[in-house]
Amino acid sequence: MDGGILGLVREVFFINSAITAFLTDRPTPTIARSLLGHQLHFQTPTGKLTALITETEAYLGAPDAGAHAYQNHQTPRNRALWQPAGTIYIYQLRAWLLLNLVTQSAGTPECVLIRAVEPVAGLKRMQQNRAQTGANLTNGPGKLMQALGLPRELNGHPLNESALSLDIQPSRQPAQIVTTSRIGIVNKGAWTQAALRYYVAGNPYVSKISRRTVDHQHHGWLVASER
DNA sequence: GTTAGGATCTCCT
DNA sequence: GGAGATCCTAACT
């Protein structure tokens, strides 16, 4: 607290520079993979909701037949994708909202879909936001949006300058990461098969997994003695 | 355990 | 009118 307003401005600038570097300096699939174990925070008037990212998918812009930005096709819905790294892209699918984080520099419409998270703080609030408990709280892209109560108005706003923020440092480290093709991408040739989905092996808060593969003790995260 | 139908917004034909 | 980066419930096996 020594720099007053100027210090705060410097701090915000530093954080945003770090976020930008994290979301631009590597290929988007690498970014999607490395987001596992990082925390998302949603600041509400009545408290903060926190969750660990457990499952992601990479969408690779113009060449990617599975992506909204395929062939650089821009519409009012998806224009956030052309904004700089760290921009929040939220869109509605049927009755649900889905959360994406834009990667790479402005004009390169790549992003990471956040497909699942593990609740860390604000569990009670998440249960109120959804009429569900347990893994069903956040083990899907539409579910986690409802659990966190993220409004569609966040679309187009920058991470960490809005109520939604991402930790640059990971909080946990996956013991093992599983890579598969993306969910729901059908009839898109090679892009249907492309291995662009990543999740923490054994974590219960992952979409479309068998209950039998769940690691009930550590949720697939490395424990201190294993590091 | 799997499957079918409906909810309901945006974009395309 | 139809499909989609989804999810819930009910009704099956």
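No hydrogens, no waters, no symmetry mates; every other heavy atom, side chains included, goes into these values. This structure is a prediction, so every number in the text was calculated from the model and none was measured. The sequence lines fix the lettering, A, B, ..., with proteins before strands; numbering per chain opens at 1.
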For A:Arg182, answer base if it contacts any base atom (sugar-phosphate contacts may also be present), sugar-phosphate if it contacts only those atoms, and nothing otherwise; contact means non-hydrogen atoms under 4.0 Å.
nothing

Stems with DNA chain C, 3 or more Watson-Crick or G-U pairs in a row (under 3.5 Å), are B:1-7 with C:6-12, B:9-12 with C:1-4

Taking C:dG4, B:dC12, C:dA5 as options, the one with an atom nearest any side-chain atom of A:Val186 is C:dG4

Should the pair A:Glu57-A:Arg115 be classified as a salt bridge under the 4.0 Å nitrogen-to-oxygen rule?
yes

Residues pairing under ring-ring contact (aromatic ring centres under 6.0 Å, His included) where one sits in residues 22-43 of chain A, two or more places apart or in two chains, turn out to be A:Phe22-A:His38

Look at all strands and tell whether A:Gly184 reaches a base, only sugar-phosphate, or nothing, counting heavy atoms closer than 4.0 Å.
sugar-phosphate

A:Arg77 atom CZ is separated from B:dT8 atom C1', nearest whole Å, by 14 Å

(Q) For a quick check of understanding: with a heavy-atom distance under 4.0 Å over all strands, which category does A:Arg197 fall into, base, sugar-phosphate or nothing? (A) nothing

Base, sugar-phosphate, or nothing for A:Leu93, non-hydrogen atoms under 4.0 angstrom?
base

Work out how far the C1' atom of B:dT2 is from that of C:dA5, and round it to whole angstrom. 23 Å

Sorted by number, residues from residues 52-62 of chain A placing a heavy atom under 4.0 Å from DNA chain B are none

Exercise. How is A:Gln146 classified with respect to the nucleic acid when contacts are heavy atoms under 4.0 Å: base, sugar-phosphate, or nothing?
Worked result: nothing

Looking only at heavy atoms, the pair that brings A:Trp82 and A:His73 closest together is CH2-O, 3.5 Å

note: A:Arg130, atom CZ; C:dT9, atom C1'; distance rounded to Å ~ 13 Å

